[in-house]
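Take a look at the structure set out below.
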Amino acid sequence: ASTSPLFQYKVLAAQSNEILLLAAEVAVLWLGRGDEAFTGFVREPWDAVITKAAALRNDGDAGELASSLRALCGDAAPLLKAALTPHFGERA
């Protein structure tokens, strides 16, 4: 079980940021219902939101946090894709 991509993704989410579990739920819903499920849903990448929020608050550079969030997404995305591919094929 520890080599399962789904297990690895869940461990990463539990150790870093549980929002990744929500991302997995959304991905499963989207893949299960087709592209039209979230066409009205628009979002910005976390790193962009952090950078804009820091600028609005005059907090200075949010580069380190933004970089960390980009790295977290970079770690999480391939695990989620690998976990979902057996169930949804190349649509994952």
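Within the model, atoms CG of Leu84 and CG of Leu6 stand 7.5 Å from one another, a figure rounded to the nearest 0.5 Å. Rounding to the nearest 0.5 angstrom, the gap separating the SG atom in Cys73 from the CZ atom in Arg70 is 10.0 Å.
Residues satisfying the side-chain contact (heavy atoms from CB on, under 4.5 Å) test with Ser16, not counting sequence neighbours, are Leu12, Leu20, Leu72. Residues passing the side-chain contact (heavy atoms from CB on, under 4.5 Å) test with Ala71: none are found, sequence neighbours excluded. Residues that satisfy the side-chain contact (heavy atoms from CB on, under 4.5 Å) test with Ala55, not counting sequence neighbours, are absent from this structure. Remark: Ala23 pairs with Tyr9 by the side-chain contact (heavy atoms from CB on, under 4.5 Å) rule, at least two apart or across chains. Among residues two or more places apart in sequence or in another chain, the side-chain hydrogen bond (donor to acceptor under 3.5 Å, both in side chains) test is passed with Lys10 by none.
By the criterion of side-chain heavy atoms lying less than 4.5 angstrom apart, applied directly or through intervening Ile, Leu, Val, Met, Phe, Trp or Tyr residues, Val11 is not grouped with Leu21; the two fall into different hydrophobic clusters. A chain of hydrophobic side-chain contacts below 4.5 Å, direct or via other Ile, Leu, Val, Met, Phe, Trp or Tyr residues, connects Leu69 to Ile19.
Taking both residues in full, the closest heavy atoms of Pro5 and Ala82 are given as CB-CB, 3.6 Å, listed atom of the first, atom of the second, then distance. The two residues Ala62 and Thr51 make their nearest non-hydrogen contact at CB-CA, 4.2 Å. Scanning all heavy atoms of the two residues, the minimum distance from Gln8 to Leu79 falls at OE1-CD2, 3.3 Å.
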